There are 2 protein chains.
Amino acid sequence: METDLDEKRAVTALAALAQETRLALFRLLVQAGPAGLPAGMIAERLAVQPSSLSFHLAQLVHAGLITQRRAGRQLIYSAEYSAMNALLVYLTENCCGRDAISAPLCDPAAGCCPATAAKTPAA
Amino acid sequence: METDLDEKRAVTALAALAQETRLALFRLLVQAGPAGLPAGMIAERLAVQPSSLSFHLAQLVHAGLITQRRAGRQLIYSAEYSAMNALLVYLTENCCGRDAISAPLCDPAAGCCPATAAKTPAA
DNA sequence: CCGGCAGTTCGACGATTGTTGAACTATGGA
DNA sequence: TCCATAGTTCAACAATCGTCGAACTGCCGG
C-alpha cells in the first residue's frame, strides 16, 4: 500500500515534521481525519500568521505528508496517511536485524528481537 | 513502557532524525539491535569524519534516541527503542479523532477510522 | 464588473545547522 | 612513564531555515 521511501524522501519528511508549528499542524490534520481542515481554520487553531502557515503547509505538501484540495474559496488540507505509515516503517526497518516487518513498534526487551533480546538485561 | 512525549521533545527527536547522516546512523543502530556498535565502526560504515560523527552522535543522544556506554577504549552506541516507539505513537496519536491507540499504523481507507472512512472514496 | 475575502508569494532579516581541521581527553599496552 | 589508539571539543565558515510585512492571485456575491 504505502510506497517505500528512499533516504532523501525520508529526510524530507522528517525535516518537515521537525518544527513546532508543522508538527502541531500535522498532528491536527492526523486527528482531523480524511475530511481535513481549511487553511483558515488551521491558522486560527494554531494562532499562526497566514503567510507563515502557507510556508509550513507548502513544506508538508512537498514532503508528501499532507495534500491540498479546493472547496470554493477555501483550500482544504488533509493528512496523507500512507506517507506517514511509510515513514514509520522506514524508521524501524530491519529492526534488530530481522526481516521486514509491517507493524513498526519494536521492543527488544519484550521479544521483538528474540535473537538479541537476551543481551538486554532489563536496562 | 515508553514515556509520553511533549511537543518539544518530539521536535527534538524529529530534528535529530532529519539529516541524512543521522538518519542512516540511527537506522544502522536500530538494525544492529541492543548490542549496539562502537563509534569507530559506525564512522567506517557511514564513511563520516570522526569529528562530524561525534557531533551527530551527540545530537541523537541529546534527543534520547540512542545511548552511549563505554567498553574499554571504545564507546558503544545503541538505539533507544522505547524513545523511538514513543515518537511513532506521538505522531499517530488520536488518529482520525479516535481514542489512544498503541500500534501506530493508521489507514483510514482500510477501516482504521470507521466513522470517517466512508468519506474517503479510495482517492 | 467590482469589492472583498481566502490564501499565497516575495524579499529581507536574524538564527540555527553541518562541515572542517586542529587541539584536546581518556583508556590501555609496553 | 611514555606512546598509540578511540573519540570528543572547539572555532570559524557557508548554507539553510523561520518570520515578518507587503504585494499579489483566485474565487464568490451582488
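These figures come from a predicted structure and were not determined experimentally. In what follows, chains carry the letters A, B, and so on, assigned in the order in which the sequence lines appear, proteins first and then strands, with residues in each chain numbered from 1.
Annotation: A:Glu44, atom CD; neighbour count of heavy atoms from other residues, nucleotides and ligands within 6.0 Å does not exceed 12.
Sorted by first and then second residue, the side-chain hydrogen bond (donor to acceptor under 3.5 Å, both in side chains) pairs with a member in residues 13-26 of chain B read B:Arg22-B:His56; sequence neighbours excluded.
At least one side-chain heavy atom of B:Tyr81 sits less than 4.5 Å from a side-chain heavy atom of B:Val30. In this structure the side chain of A:Glu80 never reaches within 4.5 angstrom of the side chain of A:Ile66, judged on heavy atoms.
A donor-acceptor distance shorter than 3.5 angstrom exists from the side chain of A:Arg27 to the backbone of B:Tyr90, with no hydrogens or angles considered.
Looking at every heavy atom in both residues, B:Ala83 comes nearest to B:Gly64 through CB-O, 3.2 Å. For A:Ala18 against B:Ala18, the heavy-atom pair with the smallest separation is CB-CB, 4.3 Å.
Atom P of nucleotide D:dG7 and atom CD1 of B:Ile66 are separated by 13 Å, given to the nearest angstrom. We find that CD of B:Glu44 is positioned 15 Å from P of D:dT5, with the value rounded to whole Å. Rounded to whole angstrom, the span from the CG atom of A:Leu53 across to the P atom of C:dT9 amounts to 12 Å. The CG atom of A:Leu14 sits 16 Å away from the P atom of C:dT17 (whole-angstrom rounding). Atom CD1 in A:Ile42 sits about 14 Å away from atom P in C:dA6, given to the nearest Å. Regarding B:Gln68, its CD atom lies at a distance of 13 Å from the P atom of C:dA26, rounded to whole Å. Atom-to-atom, CG of A:Leu57 to P of C:dA6 comes out at 16 Å; the value is rounded to the nearest Å. As rounded to whole Å, 11 Å separates atom P of C:dG28 from atom CD of B:Gln74.
Helix-axis bend for the helix from C:dC1-D:dG30 to C:dA30-D:dT1: the local axis fitted to the five terminal pairs at one end deviates from that at the other end by 30°, rounded to 10°.
A distance of 5.0 Å separates CZ of B:Arg45 from CG of B:Leu28, quoted to the nearest 0.5 Å.
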Base-contact (B) and sugar-phosphate-only (S) positions in nucleotides 16-27 of chain D, heavy-atom cut-off under 4.0 Å, - elsewhere
--SBBBB----S
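Within the structure, a side-chain polar atom (N or O) of A:Tyr77 is placed less than 4.0 Å from OP1 or OP2 of C:dT8.
Under the 4.5 Å side-chain heavy-atom criterion for Ile, Leu, Val, Met, Phe, Trp and Tyr, A:Val11 and B:Phe55 are members of distinct hydrophobic clusters.
No engagement by B:Glu20 is indicated, since no non-hydrogen atom pair under 4.0 Å with the nucleic acid exists.
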